[in-house]
Amino acid sequence: MGKFNRYLITAALPYANGPVHIGHLAGCYIPADIYVRYLRAKKADVKFIGGTDEHGVPITIKAMKENVSPQDIVDKYHKIISDSFTDMGISFDIFSRTTNQVHHETAAAFFKKMYDDGLFEEKESEQFYDEKAKVFLADRYIVGTCPKCGNPGAYGDQCEKCGTSLSPDELINPRSTLSDATPVKKVTKHWYMPLQNYEPFLKEWLLEGHKEWKNNVYGQCKSWLDNGLQSRAMTRDSSWGVKVPLPDAEGKVLYVWFDAPIGYISATKELTPDWADYWCKDDTKLVHFIGKDNIVFHCVIFPAMLKAHGGFVLPENVPANEFLNIEGEKVSTSRNWAVWVHDYVKDFPDQQDVLRYVLCSTAPETKDNDFTWKDFQQRNNSELVDIFSNFVHRTMVLMHKLCGGKVPAFHQELKDEKDDALLANLLASRQKIEDSLENFRQREALAEVINVAREGNKYLQEKGPWLLAKTPELQAQHQKEIDNCLHLCLQLTANLAILINPFLPFTAKKICHMLKVVDRMLEWENAGSLKLVSVGYSLRPPEYLFTKIDDAKIKEQVDKLHAGLIKPTAPAATPAAAPKEEKAEIQYDDFAKLDLRVGTILSAEKVEKADKLLKLQVDIGTEKRTVVSGIAAHFKPEEIIGRQVTLVANLAPRKMRGIESQGMILMAEDATGKLVFVNPDAAVAPGSEVR
RNA sequence: UGCGAGGUAGAGCAGAGGUAGCUCGUCGGGCUCAUAACCCGAAGGUCAGGGGUUCGAAUCCUCUCCUCGCUACCA
C-alpha cells in the first residue's frame, strides 16, 4: 500500500429517477463496499463517498409527465435508493445528494474558478426548442417518421426500428415528445470546455502512467484520446440544476456531467471538515468505482476538470465493471426487466449476504455476465451452505459434543504435519486474498475465502474426531487429539470471519456472535492468528449461517420477473401512487357484501382507442363474464390467457369505451407502480369463493 | 459506420507458443460428526469460425461472425 496514507473511494452517483437493481450492485456498489471494508479492516484512513445525482433533463421530464415537481421525484428516489443501500450493507460514510446547498455552492465555485481562469469558450448555437413546453429538446426527445424505413416512432438521434442514426433535421414531421409541438430552432449560448487542450496531459497521465488499469478501461480511454478530443458544452438550458454563476446566464444550469462528479467533492465536504486532506494531498489514493457506461467521464472529462481547476488529486484507478444481464437478457428499466434491490430485501429478509455473495462471485469484472436465479440458488446451496456454513456448523456441533461446549486446549506436544499444513495454507490464502483484493480481482479473492473453508472441511475429515470418540473409553484415550483438532477448527472459523468480512459482513458478525468475540477481532491483521478464541471459553450453540433455498422460492422469482415484464409496445407504466393512507375501519357485514370469486382468463384483447384497457373473458364456473381492466401497460393479452384471477363478481356493471364491464380484477400495486395479479396460491376450481 | 472490450466443458473463470485446466453442477463408488462434507473414479471442449506463420497455435498474424459499451445532446 506504501505511498498512500489515506483513501478516498467513490461509487457512481445513481441517477434519482428510479430505484436501484442488482446490476447496479454488481457493477459498482458491492465492489466498492468490499474494497472499503477491506481497507477499514486494515485500519486504513478511508472515506467512502456516495449520493444521488439529482439534476438533468430526464428528471424534469419525468416530473412533467407525472405532474409533480422535480424535487418530488428526487426526494422519492433518494429515499428508495438510500434505503436499498443501507439494507444491503453498502457502508457509505456519507450518502449525499446533488440538490444539497453545499453541492450547489461547491459546483458553482468550481465552475466560477475555471471561468475566472479563462478556461471556457463561449459559443452560440442553434438548438431545437419546444415552444409549448418552453424547453430546449435533446435529440432523443424529438420523434418523427424515419426517412429510411418510414417508422413513425423514430427518435431524433436514432431510429430503433432500422438502426439508422439520425439527426432531428432528417425526421419527417418532427414533434416534441413532451407536448406534440413542432420543434423550432432557436439560438442559445453555452460555455464549452476545450478538452483538446488537455490531451497532452491526459495522454501522459493516463496512457503512460496507468497502464495497470483494467483492459476495458484503458482501451476505451486510449480510443478516445487517439481519436482526439473536442470542446464540450458544460452548461444547458434548464431551470433544474446548479445555476451558472454568471450575470448573463439566466435559465442556464451546469451540465449534469459537469456537476455530478463534483458531487463527490461536495459530499466529502459535508462529511468532514478535513475534506481537503482527501482531495488535495498527494498521498491520498482516489479510486472511482463505476459501471462501464461511465468510463469516459471518470477517466477523461473529470480528470481534465480537476486538472484545469487545479489543486486536486487525480484518480489512482477506475476499476469499471461491465454489465450484468438477467436470465440471458439485458437489464431494462423501462421494460421492468430487472431484479430490484428493494424487492429482493423484502423477498429474502436477512439474506443480504447471499446476494452479495452471488453478485461478487459472478461479478462482470472482465465481460458482461448473466445472473440467473438458478445459479443464485446453486451458489447458495452448494457453496455457502454445503461448504462454508457447513464447516462452521460441524465445528460448533462437534465442539459442543466432544469438548463440553468450551474452547479446548491445544496440546503442543501432539501437533502434527496436518496441523502445520492447515496454518501454512491459511497464511498463503490470506496473502492471495490480499493480492487479489488490491488488484481488484474480487471474484478470485472470494473464491479463495471459500477455499479456506474447503480446506477446513478436509482437515476435519482427515482428523475425524468423531471416530476417536466412538465410545467413552476411546474418547478418554484420545481427548487430547480431539481437543487439538477442534481447537484449530475453531481458530479457523474465527479466521473465516475475518476473511469473509469484506464480502459478507452480516455473516462475519454472526460468527463473532457464535464465538462470543468482539467485532474488533475482525481487523485484518488478525488473519492467520491461531489465538483468536481463548481456551476454556464457553461458546454459544451453533446456528446456521445460511440455509438452503428451495425450487419453489426460485420459481417464484422467475415468475415474478416475467410477470412484471412490460412489453415495448405498451406505453410506460402509470406513475406510482404514494403509499395510500389506511382506510377507515369497517364492520364484517361491510366486507361480507363483497362477492369475490376465482376465475380463469379465457381470452384477452386490447380495447380500441384506449392505452390501458384490456377486454377480458373470465370463466367463473357458473358463467363467463366480460371484464374491462386497466392493465394493458403491464401485460400483453396473449400472456395472461389461462391465468387465474380474483374477481369482484357483484360490482355494478359499468360501461367503459362502450363495453360493459361485469366485475373487477384484483391487482396489487407496488411503490414503483407495477401491477401483479392477486391469485390463489394454488389452482382452484373456477368460481371458488374468496372469503 | 468507426473505435474499445469480450467470445475456452451445462455455469463461473484460469491459461498469452509445447498439445487444455480450476471451482460449482452431472453420473458411479467409498465414508458419515454435519443443512452430504471429504475421498476415489467417470462423462462432458473441432478453445466462436475460416485462412496463414511455426516442428508445434487457445496463445502470434489475417479475414469473418456474435455480444456489450462508446461514437461527444440519453445522466
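Computed from a predicted structure; not experimentally measured. Atom set for the values below is all heavy atoms of this structure, side chains included, hydrogens, waters and symmetry mates excluded. Residue numbers start from 1 in every chain, and the chains themselves are labelled A, B, ... in the order their sequence lines are given, proteins ahead of strands.
- The base of C33(B) lies close enough to the side chain of R394(A) for a donor and an acceptor atom to sit less than 3.5 Å apart.
- Side-chain proximity of Q230(A) to C33(B), A72(B), G69(B): nearest is A72(B).
- Remark: A11(B) base-pairs with U23(B). Criterion, Watson-Crick or G-U wobble with two distances under 3.5 Å.
- As judged by a 4.0 angstrom heavy-atom cut-off over every strand, V296(A) is placed among residues making no nucleic acid contact.
- Base pairing of U54(B): no nucleotide in any strand meets the Watson-Crick or G-U wobble criterion (both distances under 3.5 Å).
- Atom NZ of K432(A) has 12 or fewer heavy atoms from other residues, nucleotides or ligands within 6.0 Å.
- Stacking of K292(A) on the aromatic ring of F323(A) is recorded, both the 6.0 Å distance cut-off and the 45° axial limit being met.
- The gap from the C1' atom of A11(B) to that of C70(B) amounts to 29 Å, rounded to the nearest Å.
- A20(B) and G25(B) are spaced 26 Å apart, taking the P atom of each and rounding to whole Å.
- In this structure, CG of D375(A) is placed 9 Å from C1' of C24(B), rounded to the nearest angstrom.
- Annotation: C60(B) and A14(B) have their P atoms spaced 15 Å apart (nearest Å).
- Toward the 5′ end of RNA chain B lies the nearest nucleotide of F546(A), the other residue of the pair F546(A) and S125(A) mapping further downstream.
- Closest contact between the side chain of S382(A) and the listed nucleotides C24(B), U32(B), G12(B) involves C24(B).
- In this structure, the side chain of D237(A) does not engage the main chain of T188(A) through any donor-acceptor pair within 3.5 Å.
- Within the 4.0 Å cut-off from OP1 or OP2 of C39(B), at least one side-chain nitrogen or oxygen of K458(A) is found.
- Under the Watson-Crick or G-U wobble criterion, with both distances below 3.5 Å, G45(B) has no partner in any strand shown.
- Aromatic rings from Y255(A) and H190(A) are positioned such that their centres are separated by 6.0 Å or more.
- Taking the six-membered ring for Trp, F111(A) and F258(A) have ring centres closer than 6.0 Å.
- Base engagement by G228(A) is indicated by at least one non-hydrogen atom pair under 4.0 Å involving a base atom.
- In this structure, of C73(B), A5(B), U35(B), it is U35(B) that holds the atom nearest to the side chain of V385(A).
- F348(A) has its ring centre less than 6.0 Å from the ring centre of W373(A).
- Of the candidates C13(B), C68(B), U32(B), C13(B) carries the atom nearest the R443(A) side chain, counting heavy atoms from C-beta on.
- As rounded to whole Å, 11 Å separates atom P of A11(B) from atom CD of Q378(A).
- In this entry the distance linking CG of N321(A) with C1' of G12(B) reads 15 Å, nearest Å.
- The distance from atom CG of N439(A) to atom P of A14(B) is 14 Å, rounded to the nearest whole Å.
- Look at the P atom in both G18(B) and U23(B): the space between them is 22 Å, to the nearest Å.
- Between C55(B) and G17(B), the distance separating the two C1' atoms is 12 Å to the nearest Å.
- Residue contacts shown for L384(A) are absent, as no nucleic acid heavy atom lies under 4.0 Å away.
- Residue K330(A) is classed as a sugar-phosphate contact, given heavy-atom separations below 4.0 Å to backbone atoms only.
- The side chain of K292(A) approaches G69(B) more closely than any other nucleotide in the set A37(B), C13(B), G69(B).
- Side-chain N/O atoms of N215(A) include none lying less than 4.0 angstrom from OP1 or OP2 on G4(B).
- Spacing between atom CD of E455(A) and atom P of A37(B) amounts to 16 Å, rounded to whole angstrom units.
- In this structure, C38(B) and G30(B) make a Watson-Crick or G-U wobble pair, each of the two defining distances being under 3.5 angstrom.
- As a whole-Å value, the separation of D293(A) CG from A72(B) P is 16 Å.
- T366(A) comes within contact range of the sugar-phosphate backbone alone, with a heavy-atom separation under 4.0 Å but no base atom that close.
- E383(A) comes within 4.0 angstrom of the backbone, heavy atoms only, and of no base.
- In this structure, F323(A) reaches the sugar-phosphate backbone alone: every heavy-atom distance under 4.0 Å involves primed, P, OP1 or OP2 atoms, never a base.
- Checked by distance alone, E462(A) brings no side-chain donor or acceptor within 3.5 Å of a matching partner on the base of C38(B).
- Between F85(A) and F95(A), the ring planes are perpendicular. Angles over 60° get that label, and only those under 30° would be called parallel.
- To the nearest whole angstrom, the two C1' atoms, one in A16(B) and one in C68(B), are 23 Å apart.
- The pairing partner recorded for G17(B) is none, the criterion being a Watson-Crick or G-U wobble arrangement whose two distances lie under 3.5 angstrom.
- For the pair K418(A) NZ and C39(B) C1', the interatomic distance rounds to 13 Å; values are reported in whole Å.
- As rounded to the nearest Å, A43(B) and G29(B) have C1' atoms that lie 15 Å from one another.
- Nearest to the side-chain atoms of L398(A) among the listed nucleotides C33(B), C38(B), C13(B) stands C33(B).
- Within the 4.5 Å cutoff, the side chain of L398(A) has no heavy atoms near those of the H393(A) side chain.
- With C33(B), C24(B), U35(B) as the candidates, the nucleotide lying closest to the side chain of R454(A) is C24(B).
- Among the atoms of the strands shown, base atoms are found under 4.0 Å from some heavy atom of L229(A).
- Formation of a donor-acceptor pair under 3.5 Å by the N439(A) side chain with backbone atoms of R441(A) is not found in this model.
- G10(B) and A48(B): their P atoms are spaced 13 Å apart (whole Å).
- Residue K367(A) places at least one side-chain N or O closer than 4.0 Å to OP1 or OP2 of U8(B).
- Residue K214(A) is classed as having no contact, given no heavy-atom separation below 4.0 Å to the nucleic acid.
- Residue contacts for Y218(A): at a heavy-atom cut-off of 4.0 Å it reaches no nucleic acid atom on any strand shown.
- Rounded to a whole Å, the CG atom of L446(A) is 14 Å from the P atom of C24(B).
- Within the structure, every side-chain polar atom (N or O) of R441(A) is placed at least 4.0 Å from both OP1 and OP2 of A14(B).
- When distances are taken from the side chain of D386(A) to each of A37(B), G12(B), G69(B), the shortest belongs to A37(B).
- Residue contacts for N369(A): at a heavy-atom cut-off of 4.0 Å it reaches the sugar-phosphate backbone alone, with no base atom in range.
- Nucleic acid contact class of Y255(A) (heavy atoms, under 4.0 Å, all strands): sugar-phosphate only.
- Nucleic acid contact class of N390(A) (heavy atoms, under 4.0 Å, all strands): base.
- When each of U35(B), C33(B), A72(B) is scored by its nearest atom to the side-chain atoms of K548(A), the top-ranked nucleotide is U35(B).
- A sub-4.0 Å separation between OP1 or OP2 of A34(B) and a side-chain N or O of K401(A) is present.
- Taking 4.0 Å as the cut-off between side-chain N and carboxylate O, K458(A) and E462(A) do not count as a salt-bridged pair.
- Map N451(A) and G219(A) each onto its nearest nucleotide of RNA chain B; the residue landing nearer the 5' end is G219(A).
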